[in-house]
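As a basis for the values below, the full set of heavy atoms in this structure was taken, side chains included, without hydrogen atoms, waters or symmetry mates. Quick caveat, the model's predicted, so the values are computed rather than measured.
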Amino acid sequence: MLALVVALASIPAWAFGTSLTILVIGSYLMQTGVQGAFGVIPAHLNELSPDAVRSLFPGFVYQLGVLVASPATVVEIHSARPLRLPMGVEWHVEGSVNSSS
């Protein structure tokens, strides 16, 4: 639960930091929260796996989850509209970043 609180509290600095220092601190705290929340998943999968496949099961299921979730990026890109971000930065569907300043 602490990892979730750390990740949620770091969102403003991580996403909208106004200086490089704030962005670095926000990114560090966000990664700490994400690792704290999701770093335990492989160990939990190992505990759930049957004894006969204990060495194979956690990695296989983890990679299977990545395979199932991988189309999400394509869906996001194709459903996105040009988005205006803070500080005059525009994000376009093709993924390029242009500065209007």
Side-chain angles (χ1 to χ4, degrees):
M1 198 60 155
L2 177 62
L4 175 64
V5 171
V6 169
L8 288 175
S10 67
I11 288 175
W14 171 73
F16 305 112
T18 56
S19 70
L20 181 61
T21 304
I22 292 174
L23 287 171
V24 168
I25 291 169
S27 297
Y28 176 79
L29 291 173
M30 177 61 75
Q31 186 60 33
T32 301
V34 168
Q35 278 300 106
F38 295 110
V40 298
I41 299 297
H44 181 64
L45 290 173
N46 194 34
E47 294 297 322
L48 294 176
S49 62
D51 291 336
V53 291
R54 188 155 293 206
S55 62
L56 172 70
F57 186 76
F60 177 75
V61 172
Y62 200 73
Q63 293 302 321
L64 190 63
V66 171
L67 177 68
V68 169
S70 62
T73 55
V74 176
V75 170
E76 288 176 5
I77 291 294
H78 287 294
S79 65
R81 293 181 177 84
L83 177 65
R84 187 109 174 127
L85 299 174
M87 298 184 299
V89 176
E90 292 180 12
W91 180 75
H92 297 281
V93 173
E94 64 271 3
S96 63
V97 175
N98 299 321
S99 177
S100 62
S101 55

[X]-[Y] co-clustered via ILVMFWY side chain contacts under 4.5 Å:
{"X": "Tyr62", "Y": "Val68", "answer": "no"}
{"X": "Leu64", "Y": "Leu48", "answer": "no"}
{"X": "Tyr28", "Y": "Val34", "answer": "no"}
{"X": "Leu67", "Y": "Phe60", "answer": "yes"}
{"X": "Trp14", "Y": "Leu4", "answer": "yes"}

[X] versus [Y], closest heavy-atom pair with distance:
{"X": "Glu47", "Y": "Arg54", "result": "O-NH2, 4.2 Å"}
{"X": "Gly36", "Y": "Ala3", "result": "C-CB, 3.6 Å"}
{"X": "Leu29", "Y": "Val6", "result": "O-CG1, 3.4 Å"}

| field | Euclidean distance, Ser49 OG relative to Leu56 CG, rounded to 0.5 Å | value | 9.0 Å
